[in-house]
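To start, the structure under review is shown below, and the notes come after it.
Side-chain atoms are counted along with the backbone in the values below, which use heavy atoms only and exclude waters and symmetry mates. Everything numeric here is computed off the predicted structure, so don't read it as measured data.
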Amino acid sequence: MPSGSGRDGRAGRSSRVDRTGSARARGASSRRQREGQGGAGGSGSGRPPRPPRAGGSQVDLLHSDLDRERIPRRNFVMGLFGFGVAWGVSKLVDYQIVNVDEYRRRADERRAIPQTLFAKRGTIYDRNGNVITSSVECQNVYVNPQLIEDEDEAVAALVELLGVDEETCREKVGRDTTFAYIKRQVDQEIADALAERNIKGIEYEQTMKRIYPYGNLASQVIGVVNIDNEGVSGLESYYEDKLQGVNGSLVRERARDGSYIAGGAYERVPAQDGEDLVLTLDVNIQSAAEKALAEAVESSGANYGSILVMDPQTGEIFAACSNPTYDQTDLANTAAADMNLRAVTDAYEPGSVFKALVTGMGIDMGTFTTESTFDVPARVKVGDDWVTDVDERDYGMTMTVREIMRRSSNTGMVLLGEQIGADAFAEYLDTYGIGHKSGIDFPGESTGIVRERSEYDGSTLGSMSFGQGIAVSPIEVARAVASIASGGVAHTPHFLKSHHGEEVDWSDGDTETISAEAAEAVTSMMVTVVDEGTGSGGQVAGYDVAGKTGTAERASEEGGYQENNFMASFMGFAPASDPKALVYVTLDGTAGSGGGQAAPPFAAVMAQTLSILGVDPTR
């Protein structure tokens, strides 16, 4: 029956549901009882289980229904995978394209340590081809503590052969590093003797150092180089760009402990040697000047002194020195002041040597001649001070300009200065180059203290007329006086004669100072000074010498001048008829006021210079 079948069918389905539900309920109740999770008293209540609270469900990623997930697991996994691939690709691009050079550099730094191959610094010669200084190969000795097997053996050898301090050496040998210098610029033969002992961990680095065949001769002119072969003073510094060359490099691959890897990377870039220089110096004239100066400083009791020898017709410097001097190989015991070439770096009141320039002004102007006469008083007021002559006379005299020069009269020079006038005086100072750098190829030239015309006061013109109230470097005064010897043309004083086998042309610095006629007149008066006047101590047998003494009081820091503290000087050139050499001697800090103290060293150096140059006698 159809209707009965329908009821039975529904009943059958309901029964199945009930049975299934009951079975599930019983199973759940049974599980709760077993797990101790039933109702109070452990008896089942017959209630269906509570649904899980929101957020507390656990998702079975392995068996969950992917179609019903809010964010499908497939997309999540694929997203993570894609991100990883993108990150990896970006790092590869960074390593291999964008920053490849930087990463390569870092890697090389860890395993390839560069070593400098020092260039051979240029050799310096005197005008006759004598080597004054040159460079030789030597070794920097260092240790790699990671490779040293016997510290006692290594330290003993280093102390014995290198003469280093044992405590310091042991500390370096025991460091946790792969590199520590023990001693730099070790003579090659000593390094070779150390290398013969084959002590593992002691290593060597090729380098260069300066040697001096003539000892400390011309040390202030030549200067010194530092531990890295860089010029730091003198001509070594001034011509650094020519002398230094270009260092090379050696790169060898190292292991983690610092040892070289056999067959590893190796790259060598050769060094380019520096340029050789030929100077105007003559080692024989330089030696004569240094010897005479040392004797003069000692005999006069001066604090220090300088001598400059040059060719007045070219500006070439044959010799230049100061005393005290120093030894380039013993800088630890050298005073910084002794390294100065005082003829260039210091400024002084030139004193009576300056009178040659002042008389040249007036004669060039036509204001007076060598035979013009003046009534010279015993004393004359300059500003607030009275000026007298060294003879301390108490009466006036009628003197020619030649006589004023012969006697080196201060009061007479004040009268000449008044005749020249302040405006012209200032212009001639500028023409002579006083107050300006001479152009010498040497570092640290002083321009001194020279007042501008607008700064002149009541004493300026008078005091400068006899060489006081003005401070200039000896090289400036020498250049100006040399122009008198050279017929009124000033040349640039210089040390460099040639390089690359070619003479250096210094003529661009030539300037006219006074007329040839005026220069000849001043020269004539300077010959009288040496033959008959205050400069007689500067006579040289067989030659006509033009010269001028000088004595300047030393200024005090408190103002005015110091007592019994003078600078004695002598400037002269010979032969006067055709000058081949000019010599300027200064002795600073002498107790005596006579410029004659500088005359004997002048005469000794001039005589030897003329002989060395092969100048024939003129008398």
Side-chain angles (χ1 to χ4, degrees), residues 220 238 302-308 310 315 317 320 322 337 339-358 360-361 382-383 413 417 422 425-457 459-484 490-494 509 511 513 548 550-562 565-571 582 584-590 595 598:
Q220 292 149 336
Y238 192 89
N303 296 324
Y304 37 77
S306 295
I307 290 183
L308 181 70
M310 62 185 292
I317 298 174
S322 297
M339 298 176 69
N340 292 334
L341 186 62
R342 295 181 182 274
V344 177
T345 62
D346 291 8
Y348 311 92
E349 291 189 339
S352 295
V353 166
F354 208 67
K355 295 172 181 176
L357 302 181
V358 176
M361 297 178 189
V382 176
M413 290 304 302
F425 198 99
E427 290 180 6
Y428 270 100
L429 288 182
D430 191 63
T431 300
Y432 277 128
I434 301 300
H436 304 282
K437 289 189 175 182
S438 67
I440 188 172
D441 51 341
F442 196 85
E445 179 180 0
S446 171
T447 56
I449 302 174
V450 181
R451 291 184 179 183
E452 298 288 340
R453 172 64 184 92
S454 60
E455 299 173 328
Y456 283 20
D457 57 25
S459 66
T460 301
L461 178 60
S463 59
M464 286 196 299
S465 296
F466 58 93
Q468 298 224 207
I470 184 173
V472 291
S473 64
I475 193 64
E476 284 182 48
V477 180
R479 179 179 182 271
V481 173
S483 75
I484 295 173
H491 304 282
T492 302
H494 57 275
T511 59
T513 56
K548 185 69 189 75
T551 304
E553 295 177 282
R554 298 297 280 130
S556 171
E557 294 181 359
E558 292 76 27
Y561 293 93
Q562 302 175 33
N565 190 0
F566 301 88
M567 190 185 83
S569 61
F570 197 106
M571 170 87 78
L582 176 146
Y584 189 14
V585 179
T586 62
L587 298 173
D588 194 14
T590 62

Going through the checks in order, is the side chain to side chain contact (heavy atoms under 4.5 Å, CB included) test met by V481 and K548? CA-CA 10 Å; V481 173; K548 185 69 189 75; over 6 Å; no
Check against side chain to side chain contact (heavy atoms under 4.5 Å, CB included), Y348 and R342:
CA-CA 10 Å; Y348 311 92; R342 295 181 182 274; 3.7 Å; yes
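To the nearest 0.5 Å, atoms CZ (F442) and NZ (K437) are separated by 12.5 Å. Taking NE2 of H491 as the start and CE of M310 as the end, the distance is 8.5 Å to the nearest 0.5 Å. Rounded to the nearest 0.5 Å, atoms OG (S483) and OH (Y432) are 6.0 Å apart. One distance of note links NE2 of H494 with CD1 of I317; it measures 8.0 Å at 0.5 Å rounding. In this structure, M361 CE and T431 OG1 are separated by 8.5 Å, a value rounded to the nearest 0.5 Å. Atom CD1 of residue I475 and atom OG of residue S446 lie 12.0 Å apart, to the nearest 0.5 angstrom.
No side-chain donor from either of T513 and R479 sits under 3.5 Å from a side-chain acceptor of the other. The closest side-chain donor-acceptor pair between S569 and T586, if any, does not fall under 3.5 angstrom.
Nearest heavy atoms, G417 versus S465: CA-OG, 3.3 Å. Considering all non-hydrogen atoms of both residues, I440 and Y238 come closest at O-OH, 4.3 Å. Smallest separation of non-hydrogen atoms from V450 and A471: CG2-O, 4.1 Å. Between E476 and E445 the shortest heavy-atom distance is CG-OE2, 4.2 Å.
Using a 4.5 Å heavy-atom cutoff, the side chains of F354 and I470 are in contact. Side-chain contact between T460 and E455 is absent, with no heavy-atom pair separated by less than 4.5 Å. By the 4.5 Å heavy-atom criterion applied to side chains, S322 and N340 are not counted as neighbours. Residues I434 and Y428 form no side-chain contact, since every pair of their non-hydrogen atoms from C-beta on lies 4.5 Å or further apart. A heavy-atom distance below 4.5 Å is found between the side chains of L357 and I484.
The neighbour count for E452 CD, taken as heavy atoms of other residues, nucleotides or ligands under 6.0 Å away, does not exceed 12.
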